[in-house]
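Some notes on the structure that comes next.
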There are 2 protein chains.
Amino acid sequence: MDSQPTNPRLFTFLAGREGPWAVTELRTVTGEPLQRTERLAVLPGDPAPTTEALPAGAWALRGVTSNERYVTRPEKQQLLASQAPLGRPEATRAVLIPIRKNPAWWAMTQDERRAIFEERSRHNAIGLRYLPAVARRLHHCRDLAHAEPFDFLTWFDFAPRDAPAFDDLLAALRASEEWRYVDREFELRVERAG
Amino acid sequence: MDSQPTNPRLFTFLAGREGPWAVTELRTVTGEPLQRTERLAVLPGDPAPTTEALPAGAWALRGVTSNERYVTRPEKQQLLASQAPLGRPEATRAVLIPIRKNPAWWAMTQDERRAIFEERSRHNAIGLRYLPAVARRLHHCRDLAHAEPFDFLTWFDFAPRDAPAFDDLLAALRASEEWRYVDREFELRVERAG
């Protein structure tokens, strides 16, 4: 590539032997597994080595934060009024959930995807129930110049006391109609290293 | 970057001294101008030299085709029933229109953007009036890993006899409420070189 400036909304999740987050669990939910590593770093931009130069077993996933695709103004106001920022001192647990959606999802029109996402799956409404306990940031990977193995990377953080609430949130989303369109997913659970 | 495979939906518009399209006009509509070149090539993937290695005056813009953001199922059915593919033998004229939308546009929620795009600006409905004469392909650039100067690149082709219809289409879109959010735009008109 070239020396064009990096998109300021790009983040890289670099899993390997270094980084401030210690991996406690890597669980393949659907599809091909990814290798478990010791540590995770969440880095702005794309500072990861090239794929060939990554140490054996290490991996990097990249995504860009973007405008919301499905939220309406009243939903956004509710989310803004309730949500907490990432990085609170007490948020010592974090989870990375990469997902890919299947071709049937992407062949749908905007109104069809919205109807499944919210009217039938209550994605925003479910998320709202766990605010401000669970903070999150969504990254898009589908429209990067390099083919990425996932469509979305979501990064969550929370305090240890809110881990059961986070598990409830995950279970509710995975039971939704929207999740029938997810054809690859894993969860990487980490704790802030002491 | 690395050797990850290229996104199969990525295209590069490379303006310089080579390529099958001869530039007939470069017009800055809004914002900073771009340099006029002799030729344009439209290439799958990202085969362009790095920015520093491009000859003086040459430039490259990249974008990814993606799922539609605003179209409903009935609108999509109408578009699919009427549209023509790019590259028809008689389509010897083509136009590249890069645009950037302002922060106010991107701060809006999906329902607000859709209302301006279609209910008030009739973007799909206007486009439909010029099918199948004008074929088009939309590329997204806003969520690439490198910061791109535009949010969208639209590539149109048509027969010479349909050039007035294309001008009407452009005029109708530029007169719409949606276009108040466009803060950079140019048009590059080309003809298939003999």
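Protein chains get the first letters and strands the later ones, always in sequence-line order, with residue 1 at the start of each.
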Would His139(B) and Phe152(B) count as a close aromatic pair, with their ring centres under 6.0 Å?
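Centroid separation for His139(B) and Phe152(B): 6.0 Å or greater.
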
Please check if the distance between the ring centroids of Phe150(B) and Phe186(B) is under 6.0 Å.
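So the answer is yes for these two rings.
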
With only heavy atoms counted, which part of Arg142(A) is less than 4.5 Å from chain B, the side chain, the backbone, both or neither?
both

Which atoms of Glu148(A) come close to chain B, meaning under 4.5 Å heavy atom to heavy atom: side chain ones, backbone ones, both, or neither?
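Answer is both: backbone and side chain atoms of Glu148(A) are under 4.5 Å from chain B.
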
Give a yes-or-no answer on whether the side chains of Gln77(A) and Arg73(A) include a donor-acceptor pair shorter than 3.5 Å.
yes

Against chain B, work out which of Leu10(A), Thr6(A), Leu144(A) has the most heavy-atom pairs shorter than 4.5 Å and name it.
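Max contact count across the listed options: Leu144(A).
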
At a 4.5 Å cut-off on heavy atoms, which part of Ala107(B) comes close to chain A: side chain, backbone, both, or neither?
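The answer is the backbone of Ala107(B).
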
Between the side chains of Arg9(B) and Asp46(B), is the shortest nitrogen-to-carboxylate-oxygen separation below 4.0 Å, so that they form an ion pair?
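Salt bridge flag = no for Arg9(B) with Asp46(B).
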
Indicate yes or no for a side-chain donor-acceptor contact from Arg184(B) to the backbone of Glu32(B) under 3.5 Å, with no hydrogens or angles considered.
yes

Counting heavy-atom pairs closer than 4.5 Å to chain A, which one of Lys76(B), Glu112(B), Glu68(B), Glu75(B) comes out on top?
Glu112(B)

Below 4.5 Å, heavy-atom pairs only: which of Arg113(B), Met108(B), His140(B) has the largest tally toward chain A?
Arg113(B)

